[in-house]
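Below: one structure, written as structure tokens.
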Number of protein chains: 2
Amino acid sequence: MENQQIQITHSQSRKAKPASDQLEFGRIFTDHMFMMDYSEEKGWYEPRIVPYQPITLDPAAMIFHYGQTVFEGLKAYRTKEDKVLLFRPEKNMERLNLSNERLCIPQIDEDFVLNALKQLVNLDKDWVPSAEGTSLYIRPFIISTEPYLGVAASKSYKLMIILSPVGSYYKEGIHPVKIFVEREFVRAVEGGTGKAKTAGNYAASLKAQEVSEKQGYSQVLWLDGIEKRYIEEVGSMNIFFKINGKVVTPELNGSILAGVTRDSVINLLKYWGVPVQERRISIDEIYDSFKNGELEEVFGTGTAAVISPVGELNWEGEKMVINNGKTGSLSQKIYDTLTSIQNGLEPDLFDWTVEVK
Amino acid sequence: MENQQIQITHSQSRKAKPASDQLEFGRIFTDHMFMMDYSEEKGWYEPRIVPYQPITLDPAAMIFHYGQTVFEGLKAYRTKEDKVLLFRPEKNMERLNLSNERLCIPQIDEDFVLNALKQLVNLDKDWVPSAEGTSLYIRPFIISTEPYLGVAASKSYKLMIILSPVGSYYKEGIHPVKIFVEREFVRAVEGGTGKAKTAGNYAASLKAQEVSEKQGYSQVLWLDGIEKRYIEEVGSMNIFFKINGKVVTPELNGSILAGVTRDSVINLLKYWGVPVQERRISIDEIYDSFKNGELEEVFGTGTAAVISPVGELNWEGEKMVINNGKTGSLSQKIYDTLTSIQNGLEPDLFDWTVEVK
């Protein structure tokens, strides 16, 4: 794979770029995309950068029927010096292969795909916005393409990378959100696909999201699928609680996603000397700490939102208002530090950023 | 919806039809397909029958990322008198809407889509094969098409129906299969999407299937995701056990699919006066009945295979050989009766078949 040349076909026309202050999340795409194909005979082949365009598939392609697919999400940031930085992209490549393993999709050459990703971002680097809170969202994904209705792993695949200039994930920016603790619907269970970044987990989450939005909540907090007692994730983010000066987050139990932002936050907290534990956390423990006045901050972490403070948790009608519904000082500090590192505004102590040249 | 006219574009060329004895499952498709689109403004619109052809979608279309999709599977059979019969197709339309509800996909007009399906089958009715065990497999499916990377229900969809002439689902025909009782991987859990016919359930099943095949088993038997003790489904079929003259099958607990063949088998057994119960069944109970010599027959039910006898169950290394690895007499009788009704060879006592004219 490493010796394969990436063919580049330049787009004949360039699209108009949206104003930095009018960016939404994931609605506009850049001029080019990367793709390569897989067959049993050739392995991954024909890596190429082509103009962003629709793709054509047989209606029997397995992706439409059995959901054998994985994806990743990461961002490129523009620094004041007009450099373009990626944030820990090798973690995404590593996770893509972990997801591939669970979904019976052939492994990729992580270095090769990361290199292709950099070439693509570099070609479309004028699309990396510069306003505060903006970035270029990068979506690598793999879909199964064999036209066959038997339930079996596909024999052919397509890997693609598309790019989208984005503003903040939440329209509110970094303002606390209201979260509904979900009791009826389940996102994932041990032995399922919860730790893989795959379509079915997100499809399963839509209904709970819809119900909670009707009640004025912007996300749901998932409990474990077995006892409906232990905390898993919030919406499509990992979650952290600051209780009496200590930070806790659910351990990687096999049914939650190993977030790159989650890992970065844990590293930052350790560096700062803030006690942080990865362990099983019950919703009862959170409720008790709230009742005792020890629940100081709650926040979600993810690539799209970076840090998303939680201002209220609704658990079976009990409304836990956290830090008076305001962003906590630790949440703010983490957000400021992470975004500063991502945007090259402060020293990259952990060697997390990678420049695209 | 009911007043909308279905536009028909005839295929200019007709494909060669495969010989009846060379049919596989789900690899060859007929000359035409049905499709219609959905938007928030128009609802379902532009119902049309067009030549079977690839479809073109934006790479950001939600189906490729978040798996918001549902499908159905049913069959058309050719009778000796050259009539074409469908088997309980209204049940599939009803279930499609139940799946839609769980996946936040807009409801369809069941009568309209069933009528469209009949028109399509009628147009391609030369494709309905006549040899024993063959049929025309019908695959209605809905995919989310909005080009948007936010995790939310899509605002646009495409409903399609494609047709595939098929032989037996299992190459072995109605011969007993060996089944591996799965302990590590989980297909679905209460509160998840198990009772919906949606891609993610099938994607989640691939890994266990792959592992069991390497050990010489053709399918896995799924246990519940919570205690890993109660029986759910086998592969992509429902499952029945005949124990000491009585038949039991797992109840519709929210995590298994409500199979049309399952329902038909229960009805047949009741009609014959064979005791049949839908209830929770533990794998321990099955093992005990095996040890006591009371486990007489085991079989899976599904549209693709109709009846699939189980000759061996491997539970943690304990190999339960059922009925000496041979097809049981009740399994055979159910298979013969159902396929005879489906093919119009015996009176349709339950009014299950619908002629396509």
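Every chain is numbered from 1 and lettered A, B, ... according to where its sequence line falls, protein lines coming before strand lines. The figures here come from the full heavy-atom set of this structure, side chains too, leaving out hydrogens, waters and symmetry mates.
- Among A:Ile63, A:Thr69, A:Thr193, the residue making the largest number of heavy-atom pairs under 4.5 Å with chain B is A:Ile63.
- Scanning all heavy atoms of the two residues, the minimum distance from A:Phe29 to B:Ala60 falls at CZ-CB, 3.3 Å.
- When all heavy atoms of A:Gly67 and B:Ala203 are compared, the closest pair comes out as O-CB, 3.3 Å.
- Options B:Val166, B:Asp58, B:Val186 differ in how many heavy-atom pairs under 4.5 Å they form with chain A, and the most are formed by B:Val186.
- Considering only heavy atoms from C-beta on, B:Leu57 stays 4.5 Å or farther from A:Pro54 through its side chain.
- The candidate with the highest count of non-hydrogen atom pairs below 4.5 Å against chain A, out of B:Glu227, B:Glu101, B:Arg187, is B:Glu101.
- Each of B:Gly73, B:Cys104, B:Ala61, B:Ala196 has some count of heavy-atom pairs under 4.5 Å with chain A, and the biggest count is that of B:Cys104.
- No other option in A:Gln53, A:Arg102, A:Gln209 has as many heavy-atom pairs under 4.5 Å with chain B as A:Arg102.
- Within 6.0 Å of the NZ atom in A:Lys195, the count of heavy atoms belonging to other residues, nucleotides or ligands does not exceed 12.
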Practice problem: Let me see the working for A:Lys197 and B:His65 under side chain to side chain contact (heavy atoms under 4.5 Å, CB included), right down to the final yes or no. | Solution: CA-CA 10 Å; A:Lys197 213 159 168 70; B:His65 305 271; over 6 Å; no
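- Nearest heavy-atom pair, B:Leu206 versus A:Ala153, reported as atom, atom and distance to 0.1 Å: CD2-N, 3.8 Å.
- Top candidate by heavy-atom pairs under 4.5 Å with chain B, chosen from A:Ala208, A:Gly26, A:Gly200, is A:Gly26.
- Ion pair B:Lys228/A:Glu190 not flagged as a salt bridge, since none of the NZ, NE, NH1 or NH2 atoms sits closer than 4.0 Å to an Asp/Glu carboxylate oxygen.
- Proximity to chain A among residues 137-145 of chain B is limited to B:Tyr137, B:Arg139, B:Phe141, B:Ile143, judged by heavy-atom separations below 4.5 angstrom.
- Most heavy-atom pairs under 4.5 Å with chain B: of the set A:Ala188, A:Ala204, A:Gly235, this distinction falls to A:Ala204.
- B:Gln68 contributes atom CD, which lies 15.0 Å from atom OH of A:Tyr202 (distance to the nearest 0.5 angstrom).
- Taking the centre of each ring, B:Phe71 and A:Tyr66 come in below the 6.0 Å mark.
- Proximity to chain A (any heavy atom under 4.5 Å) is restricted, for B:Glu210, to the side chain, taken from C-beta onward.
- Enclosure of atom NZ in A:Lys207 by more than 12 non-hydrogen atoms of other residues, nucleotides or ligands within 6.0 angstrom is indicated.
- Of the atoms belonging to B:Met35, not a single heavy atom falls under 4.5 Å from chain A.
- In terms of the side-chain hydrogen bond (donor to acceptor under 3.5 Å, both in side chains) criterion, residue partners of A:Arg229 (sequence neighbours excluded) are, by chain and number, A:Asp284.
- The nearest pair of heavy atoms linking B:Pro59 to A:Ile162 is CB-CG2, 3.9 Å.
- Side-chain contact between B:Phe25 and A:Val151 is absent, with no heavy-atom pair separated by less than 4.5 Å.
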